[in-house]
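Below is one structure, written out as structure tokens; comments come after it.
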Amino acid sequence: MATTYQQHWQQSIQDPMGYWEEQAKAIPWMKFPKTILGKNSQGLNCWFPDGMLNTCYVALDYHIEQGRGQQIALYYDSPVTHTKKSFSYNELRAKVAALAGGLKKLGLQKGDTAILYMPMIPEAIISMLACARLGIVHSVVFGGFVPKELALRIDHAKPKIILSASCGIEVTKIIDYKSYVDSARELAQHKVDYVVIQEREQHKVTLSKAKGEFSFNQLLDSPPAECVELLATHPLYILYTSGTTGKPKGVLRDNGGHAVAMKYSMDKIYDTAAGEVYWAASDIGWVVGHSYIVYAPLIQGCSTIVYEGKPIKTPDASAFYRVMSEYKVKTFFTAPTAFRVIKKEDPEGKFAKQYNLDSLKYLFFAGERLDPATYHWLKKTFKNRPILDHWWQTESGWAIVSNFCGLEVLPTKVGSSFKAVPGYDVRIVNDEGKECKAYENGNIVIKLPLPPGTMSNLWKDTERFKEAYLSFLPGYYFSGDGGYKDDQGYIYVMGRVDDVINVAGHRFSTGQMEEILSSHASVAECAVVGMKDSIRGHIPVGFVVLKDGLDLDPASLEAQLIAAMQNSIGKVAFFKTAIIVKRLPKTRSGKILRRSLSHLGEKPSIPIPPTIDDPAILDEVKQLLQERKVGILYAPAI
Ligand code: COA
Ligand code: AMP
């Protein structure tokens, strides 16, 4: 029997079906699958195709049957509303079953879709689980997106219902979700039948029956609904993420493979058992929130934390330590940017010393590379506890490269996110698809089949799925990230190789941002690139060329472009700079040199490609960056 990491990985690659059949036994199925790995009607791999289960049952009812009914399933901690609440497994199941009953009363059923547009409140998790209970496919839209983005997703997911709240609270700012939902309904072509609103006392709204609007409490006043038996391949959720174009990609997750992977990861990666407290300081709008605020901790029978606050300002940089200490968190997970923000406010880590963190065993990081400076600060602040980077994506749903605290803790190599997780055959290849040597930078690809829990398809877009992920190298999944492996199999993920950028752990398409800038009447041509930033990892910077003969006030144009971005995506895109340039650097064949632009504000800059049409342009742009104090080289130090 495999015991070490290496044995597990080897077995998972040599005999994926045998390996995952064994792991699948760890969750309660309604019917254990006879087929472990099959092909669906589109010719795509699918895990456990004839197995039957219900994810909500696995996450709630099963634990109650096992005697965990009185245990806390969910802590809600909201410094922005000064509220703390907890829900036992019994209490959470009661709410979820009642909401599912309410959804059923409205006529929703298995296979329907629902959009959730919610702040970090328990009702968000209750809504996700109520959908899962009935086989309704949920699609959570991050609360920082504005109505246009919400409307895009309404038109693609075609929900019968939107579950939302009267408002969100950003530190002290009230975000009027209800009016955002109203605007999105007007903007969208698809007509949504019902809207359910959690009415919050911070912002009162009037609900209109004629528009199909109900209060959350009205729906909760319904007879409880039981879990519906679902095929493992039935979709659990759609989660939209940025691709390289303006149209977001609806990553589709199944029920069976996902439940198996979530359970497996809690055992083997996070070493966190039933009864222990797991806290992912993220947002349910992102994949980290789906997997590690909601599904994995509950599937494992842990207590999870829904934190409605920020790392700083709610009330200060001690917030994370307080929560860790108060709820006796064993395993913690966030994005490095959150601690860069804390470090800026409290460089000596003094707040950490004021709290009893004895329960805290592991700290995990993802969303962007854990940079060495932040790693060393964390190591010191958390008194040598394991500080563990791990790499994953919305598409994978769980870690691709990680350490394995429940198997064997691998020694740290700072800057690496450790080794390939069992089930993932990670390779580094050059642009021709040839495997790179150790330490040679290349594209990160994964040999098929991907393990359970990874995306099963793109919602209603198999062609795009094949094109975006499977066409780069036949037989391999293309991750869109670049990096290298060392001679011991440690993997270093260095960043995206496509037009996707990560801003404070949030993923955006620069292509989409360019579409927004280009739609301004004065813009002839533009490029948006991610430039390094000491807090957010990267921030988007726009370079625009004006139409001939225009002589505009640059500050006024910039303000208009920033407003356009905020109205189209949201403030969360953190687009604050649009620089007017005479021309854009291009190759002789006319391709914009975005990579060269993105590295101009840092040292060392990357070599100038020999195909550049006119190298002097880069100097002109550099000069402008310097004048505007944009780019890590020129921005004031913090
Ligand atoms: N609803 C409405 N507005 C939102 C929002 C939401 N859910 N989230 C962010 N915004 C707004 C913010 O209020 C801010 O507006 P402002 O410029 O008027 O102040 C703007 O969008 C930028 O937000 P953000 O970049 O998130 O900055 P921040 O200072 O509010 O928070 C961090 C900084 C680091 C705490 C935050 O970016 C963060 O938690 N990032 C990690 C993300 C993550 O968990 N990713 C998943 C991988 S683990
Ligand atoms: P998302 O799909 O929003 O979770 O973003 C996924 C992307 O974030 C990946 O493709 C990477 O570019 C980046 N990312 C996530 N985790 C890491 C990590 N540990 N190291 C480097 N990049 C990461």
Side-chain angles (χ1 to χ4, degrees), residues 80 117-120 124 141-146 165 167-177 180 239-243 249 251 280-293 307-314 317 319-320 332-344 364-371 388-402 415-418 444 455 478-483 491-498 500-509 530 533 535-539 562 566 569-576:
V80 297
Y117 184 60
M118 289 257 189
M120 286 289 289
V141 177
F142 175 60
F145 285 130
V146 291
C167 70
I169 301 155
E170 280 287 299
V171 189
T172 53
K173 220 174 15 178
I174 298 291
I175 312 289
D176 185 354
Y177 283 159
Y180 283 16
L239 182 55
Y240 287 93
T241 190
S242 299
K249 298 192 277 200
V251 166
S282 179
D283 188 288
I284 46 130
W286 307 115
V287 68
V288 172
H290 279 64
S291 295
Y292 294 106
I293 295 174
Y307 172 69
E308 190 182 22
K310 298 266 174 185
I312 56 168
K313 296 189 198 153
T314 58
F320 276 14
F332 175 73
F333 180 174
T334 197
T337 184
F339 270 102
R340 286 199 296 268
V341 168
I342 293 173
K343 182 178 153 209
K344 187 178 158 215
F364 281 87
F365 293 86
E368 54 174 318
R369 180 167 177 256
L370 177 58
D371 56 287
L388 304 159
D389 191 7
H390 60 336
W391 171 60
W392 53 299
Q393 315 183 299
T394 303
E395 289 84 345
S396 67
W398 62 297
I400 307 169
V401 172
S402 181
S416 159
S417 38
F418 298 91
I444 310 181
M455 73 192 296
F478 175 65
S479 73
D481 277 305
I491 295 167
Y492 295 72
V493 181
M494 303 309 289
R496 301 287 306 193
V497 293
D498 56 9
V500 168
I501 55 169
N502 265 59
V503 181
H506 310 311
R507 175 169 158 179
F508 298 101
S509 154
D533 178 76
I535 295 288
R536 288 183 158 72
H538 284 88
I539 49 168
I562 292 171
Q566 289 181 353
I569 301 180
K571 282 187 164 174
V572 70
F574 215 78
F575 183 86
K576 307 236 176 197

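Start at 1 and go down the list; that is how both ligands and their atoms are numbered. Residues take their numbers from the sequence shown, with the count starting at 1. Not measured: the values here are computed from a predicted model.
Only the backbone of His390 comes within 4.0 Å of ligand 2, judged by heavy-atom distances. Heavy atoms of Lys571 found under 4.0 angstrom from ligand 1 belong to the backbone as well as the side chain. Contact annotation for Arg340 and ligand 1: no heavy atom of the residue comes within less than 4.0 Å of the ligand. Contacts with ligand 1 closer than 4.0 Å are made by no heavy atom of Ala280, backbone or side chain. At a 4.0 Å heavy-atom cut-off, ligand 2 touches Trp392 through the backbone alone. When heavy-atom distances to ligand 2 are checked against a 4.0 Å cut-off, Met494 has no atom that comes that close, whether in backbone or side chain. For Asn502, every heavy-atom contact with ligand 2 shorter than 4.0 Å involves the side chain, none the backbone.
Every atom of ligand 2 is numbered from 1 in the order shown, and the set under 4.0 Å from a heavy atom of Val493 is 21 (C), 22 (N). Within ligand 1, the atoms closer than 4.0 Å to a non-hydrogen atom of Arg536 are 24 (P), 25 (O), 27 (O), 28 (P), 29 (O), numbered from 1 in the order shown. Taking a cut-off of under 4.0 Å to the non-hydrogen atoms of Asp481, the atoms of ligand 2 that pass are 9 (C), 10 (O), 11 (C), 12 (O). For ligand 2, the atoms closer than 4.0 angstrom to any heavy atom of Glu368 are 14 (N), 15 (C), 16 (N), 17 (C), 18 (C), 19 (N), 20 (N), 21 (C), 22 (N), 23 (C). Interface atoms of ligand 1 facing Ser282, defined by a heavy-atom separation under 4.0 Å, are 43 (C), 44 (O), 46 (C). Near Ile175, meaning under 4.0 Å from any of its heavy atoms, are these atoms of ligand 1: 2 (C). Taking every non-hydrogen atom of Thr337 and a distance limit under 4.0 Å, the qualifying atoms of ligand 1 come out as 34 (C), 40 (N), 41 (C). Atoms of ligand 1 lying under 4.0 Å from any heavy atom of Gly143, numbered from 1 in the order shown and given with element: 1 (N), 2 (C), 6 (C), 7 (N). Listed by number with element, the atoms of ligand 1 under 4.0 angstrom from any heavy atom of Tyr177 are 1 (N), 7 (N). Close approach to Phe142 involves these atoms of ligand 1, each under 4.0 Å from a residue heavy atom: 7 (N), 8 (N). Close contacts between ligand 2 and Thr394 involve ligand atoms 1 (P), 2 (O), 3 (O), 4 (O) [criterion: under 4.0 Å to a heavy atom].
Aromatic rings of His506 and Phe142 (six-membered ring for Trp) have centroids within the 6.0 Å cut-off, being under it. With ring centers used as reference points, Tyr292 lies 6.0 Å or more from Phe364.
Here the heavy atom of the protein found nearest to atom 5 (O) of ligand 2 is Arg507 CD, 3.5 Å. Protein heavy atom in closest approach to atom 21 (C) of ligand 2: Arg369 N, 3.2 Å. At the top of the distance list for atom 26 (O) of ligand 1, counting protein heavy atoms only, stands His506 NE2, 3.5 Å.
Judged purely by atom type and a 3.5 angstrom limit, His290 has no side-chain atom pairing as donor or acceptor with the backbone of Gly285. Between the side chain of Arg369 and the backbone N or O of Gly415, at least one donor-acceptor pair lies under 3.5 Å. Proximity of a side-chain donor or acceptor of Glu368 to a complementary backbone N or O of Asn502 within less than 3.5 Å is not detected.
The shortest N/O to N/O separation between Ala504 and ligand 1 falls below 3.5 Å. In terms of polar-atom proximity, Lys173 is counted as a contact of ligand 1, with an N or O under 3.5 Å from an N or O of the ligand. At under 3.5 Å, not a single nitrogen or oxygen of Ser417, backbone or side chain, sits near a nitrogen or oxygen of ligand 2. In terms of N/O distances under 3.5 Å, ligand 1 is approached by Lys310. Between Val288 and ligand 1, not a single N/O pair is under 3.5 Å apart. Checking only distances, Gly367 does come within under 3.5 Å of ligand 2, N or O to N or O. Of the N or O atoms in Phe574, none lie within a sub-3.5 Å distance of an N or O in ligand 1. An N or O contact shorter than 3.5 Å is missing between Asp283 and ligand 1 by distance. Among the atoms of Ala335, none of the N or O lies under 3.5 angstrom from an N or O of ligand 1.
Using a 4.0 Å threshold on non-hydrogen atoms, atom 15 (O) of ligand 1 counts as touching the protein. When distances from atom 32 (C) of ligand 1 to the protein are checked, no heavy atom turns up under 4.0 Å.
You'll find the side chain of Val80 stays beyond 4.5 Å of the side chain of Thr172, heavy atoms only.
Residue contacts with ligand 2 do not include Gly480, since none of its heavy atoms lies under 4.0 Å from the ligand. A heavy-atom separation below 4.0 Å is not found between Trp392 and ligand 1. At least one heavy atom of Pro311 sits less than 4.0 Å from an atom of ligand 1.
Contact detail for Met120 and Ile284: the closest heavy-atom pair is SD-N, 3.4 Å.
Interatomic distance, CD1 of Ile400 versus CD1 of Ile491, reported as 9.5 Å (0.5 Å rounding). Here CZ of Arg536 is found 6.5 Å from OG1 of Thr337. Values are rounded to the nearest 0.5 Å. The CD1 atom of Ile535 lies 10.5 Å from the CD1 atom of Ile342; values are rounded to the nearest 0.5 Å.
Selection from Val251, Asp389, Ile501 by nearest heavy atom to atom 19 (N) of ligand 2 gives Asp389.
None of Trp398, Phe333, Phe365 except one satisfies the ring pair (Phe, Tyr, Trp, His ring centres under 6.0 Å) rule with His390; the exception is Phe333.
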